[in-house]
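For clarity, every value in this text was computed on a predicted model and none was experimentally measured.
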Amino acid sequence: MHPTIATVKSWVPNEFKQKGLEMMVKWAGPDKADELCQKYLDKPLFLALEKFAYAHLERYAGSTLVPVHQQKAELFNVYYGNKDANEIVPEPGTNFAASYGPYLEGKSKILINNFYSRNYGVRDPLLLRISIFQNQKVWWTEQHILPANKVFYWEGVPEAERADLPSKGMLVVEVIHPNLRSFKNHIRCFFMLRDEEAGTICGVHAGAIPVGIAYALPPGDRGFAPQELLPMYNDFFHEQLPLQSRTIHEDDPLVRLKTDDPIFANGFYTSVDSKGVPRAIWHDHNRDGGLLPIRPEAKTQKSKYPCVTTFYVPDFQLNVPMVLFNPMEVGFQPQEITVTLHNRGMEVLAQRELDVREGVQSIDLKTLFAQDEITGEIIVIVDFGMDFYSFDSHRVPPCYLHVYYRCGDELADQIHTLYTYGYKNHPFPTPASNRCRKMGPLTINEGLKYRYTIITTGGVKQNPDTTVNFRVFTDTGSEHVINNYPLINDGITIVEAETLPQEIFDNMEKSAVIWMEHETTNFFAHWYAIDEVTGHVGGDHFTGG
């Protein structure tokens, strides 16, 4: 055993830290590892969720630590109203799923759906714990009971309880049950930053809690921003760490971000204006797939199965975006790009072809289509000028784009695109379950209108599956089913929330989850929340569980 590991092992209390320590030695080297261990490993986060349990015991007088064999009975006591959820604290080591995201006082909201009954067969109610974490301290925590298939909307700490709390930090969400099993112990839920007075909304799906030591990284593949904006980075050691810009190419409207301070993978970027109004939030990402090698003869081959991706612009005049085509996100170095604008009926309104100069990684659609007088809802299709079979690999390039929306002269939120192939139109089909079970948020009485876009662009042929099913789970526990919703093939289907059946809204208090599913095709979807007064757009992709 390396001396560093032997020396530090005594004050590293759990196996995750021990694994992280070994990783740190591997990546940083023995000499640097000592310094990094002293700087980071002694911080008790990575990640003993025990600290959140003990913080809850301290905050709530009369709460008790419940051993595993008693927990189901106690959960049902809470469910039937015999106890308050804050009175029981499952002992550390109980099965859990957890996520996190940035906290801003008075702005942060979380929408959580208990999908563990439908996806994992855990039909009992779960214990839900929400905590505020900052500077290695749990400042605030509360618990709720979360029945199967029910939606919970957390609208922030009551104003009367905020006096002694930090104004910024991290929100940690845990669901706990003895029988819980989930992918990477990660609960997928939605974090939103809403400022009703300023008319802004932005959203992102929650990030997985880092366990072990996450080694220091530069900002990831989505570490870009408009030149006039200096966003902040948020992880478990930093709240709104200012990032500097590092220009890659003078013609790029988006610039690479950097920091001199070590940051960790899977953090969040937030942009907040000079008045403290949140304008955007998006998560970090470091793809590990590398760039796909292009065959030498690829340029001379006629494109048969083009690499494309698609996204939606709610109002082209107001929300016209800047678009990042970073090679690590696309999966290869783009050389020729064709951008086509369509209306909702998929009629072509305008088109531009671009030869991508080396080093340029972004375009501004406002500049690109300045002469076309484009207005209203627009569907954008980007063709990368490559064929699926142009690569020396049986992997399919992801063809991600990162889309930075505007709100007039200000900036709005970001989304990223994904490919959408199911088994029937995949370039390299293999028998597998491609059932789509993904969800997006819906809230009411907040001055927002919601749009959901279902994308069927791409693949090696038209997808014969032309419908998708919706389930809507509400915060009152009701479930509503819409079967065989018709889709536009090879384009985008736009669903307005206000056109959903009225009975859904009659059975909502404040929130619901739009659940999209299909038996064979993994359709991709985005959700957009749009302020009805300002037109500020926030959104993200539908997320799975």
Side-chain angles (χ1 to χ4, degrees), residues 71-88 90 94-99 101 108-131 141-156 171-183 185-192 203 205-206 437-446 450 452 469-482 497 500-517 527 542-545:
Q71 287 173 18
K72 288 185 182 181
E74 292 289 55
L75 285 170
F76 277 102
N77 275 330
V78 176
Y79 179 74
Y80 288 116
N82 299 325
K83 280 191 173 182
D84 185 272
N86 287 309
E87 295 179 30
I88 65 171
T94 304
N95 291 341
F96 71 93
S99 291
S108 292
K109 301 175 185 290
I110 314 171
L111 185 66
I112 305 161
N113 174 32
N114 183 356
F115 51 75
Y116 289 95
S117 172
R118 186 166 297 277
N119 281 12
Y120 293 93
V122 181
R123 296 177 175 83
D124 296 344
L126 307 180
L127 188 72
L128 167 66
R129 181 189 297 138
I130 299 174
S131 307
T141 179
E142 69 175 8
Q143 294 182 166
H144 302 269
I145 201 72
L146 190 60
N149 296 321
K150 190 171 181 180
V151 173
F152 179 81
Y153 190 43
W154 186 82
E155 296 188 81
L171 282 167
V172 174
V173 178
E174 304 165 79
V175 287
I176 308 165
H177 188 279
N179 298 117
L180 197 61
R181 297 284 190 278
S182 66
F183 183 65
N185 291 336
H186 181 194
I187 177 170
R188 291 278 185 154
C189 55
F190 299 100
F191 281 76
M192 289 175 276
H205 66 75
R437 289 181 172 181
K438 295 179 179 177
M439 56 192 173
L442 172 62
T443 63
I444 58 174
N445 304 323
E446 291 190 306
Y450 281 83
Y452 308 99
N469 297 332
F470 287 110
R471 296 181 187 273
V472 182
F473 301 104
T474 76
D475 50 7
T476 65
S478 67
E479 177 182 346
H480 308 266
V481 181
I482 306 171
L500 295 172
Q502 182 59 39
E503 66 174 15
I504 294 173
F505 300 95
D506 294 340
N507 287 278
M508 285 174 60
E509 290 182 359
K510 188 78 175 192
S511 61
V513 157
I514 308 297
W515 179 280
M516 191 180 71
E517 63 184 14
W527 64 269
F542 272 48
T543 186

Check your understanding: Under 6.0 Å from the OH atom of Y120, do we count more than 12 heavy atoms belonging to anything else shown?
Key -> yes

Can you find a heavy atom in the side chain of [X] that is under 4.5 Å from one in the side chain of [Y]?
X    : Y    : answer
I482 : L500 : yes
E142 : W154 : yes
V151 : M508 : no
L442 : F505 : yes
N114 : V175 : no
E74  : E87  : no
I110 : L171 : yes
N77  : I88  : no

Heavy-atom pair with the smallest gap, counting every atom of [X] and [Y]:
X    : Y    : result
H177 : L126 : CB-CD2, 3.5 Å
N113 : V513 : CB-CG2, 3.7 Å
K72  : P178 : CG-CG, 4.4 Å
I145 : P147 : O-CD, 3.6 Å
S131 : E174 : OG-OE2, 4.4 Å
A206 : I187 : CB-O, 4.3 Å

Determine whether a donor-acceptor pair (N or O, by modelled atom type, separation under 3.5 Å) exists between the side chain of [X] and the backbone of [Y].
X    : Y    : value
T476 : N507 : yes
N179 : V122 : no
R437 : F115 : no

**Study point:** Sole residue of V173, V172, T141, N86 in side chain to side chain contact (heavy atoms under 4.5 Å, CB included) with R129
**Key:** T141

Study note, to complete from the structure: Exactly one candidate in H205, R188, M516 meets side chain to side chain contact (heavy atoms under 4.5 Å, CB included) with M439; the answer is R188

Review point. Say you draw a straight line from CG of D124 to CG of L146; how long is it, rounded to the nearest 0.5 Å?
Key: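 Here the rounded value is 12.5 Å.
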
Check your understanding: Nearest 0.5 Å, what's the CG-CZ distance between L111 and F191?
Key -> 11.0 Å

Check your understanding: For D506 and Q502, does a side-chain donor sit closer than 3.5 Å to a side-chain acceptor?
Key -> yes

Practice item. Evaluate the criterion side-chain contact (heavy atoms from CB on, under 4.5 Å) for residue pair M192 and E446; output intermediate values, then yes/no. Key: CA-CA 12 Å; M192 289 175 276; E446 291 190 306; over 6 Å; no

Once you measure the plane-to-plane angle for [X] and [Y], does it fall in the parallel (<30°), tilted (30-60°) or perpendicular (>60°) bin?
X    : Y    : answer
Y450 : Y452 : parallel
F473 : W515 : perpendicular
F190 : W527 : perpendicular

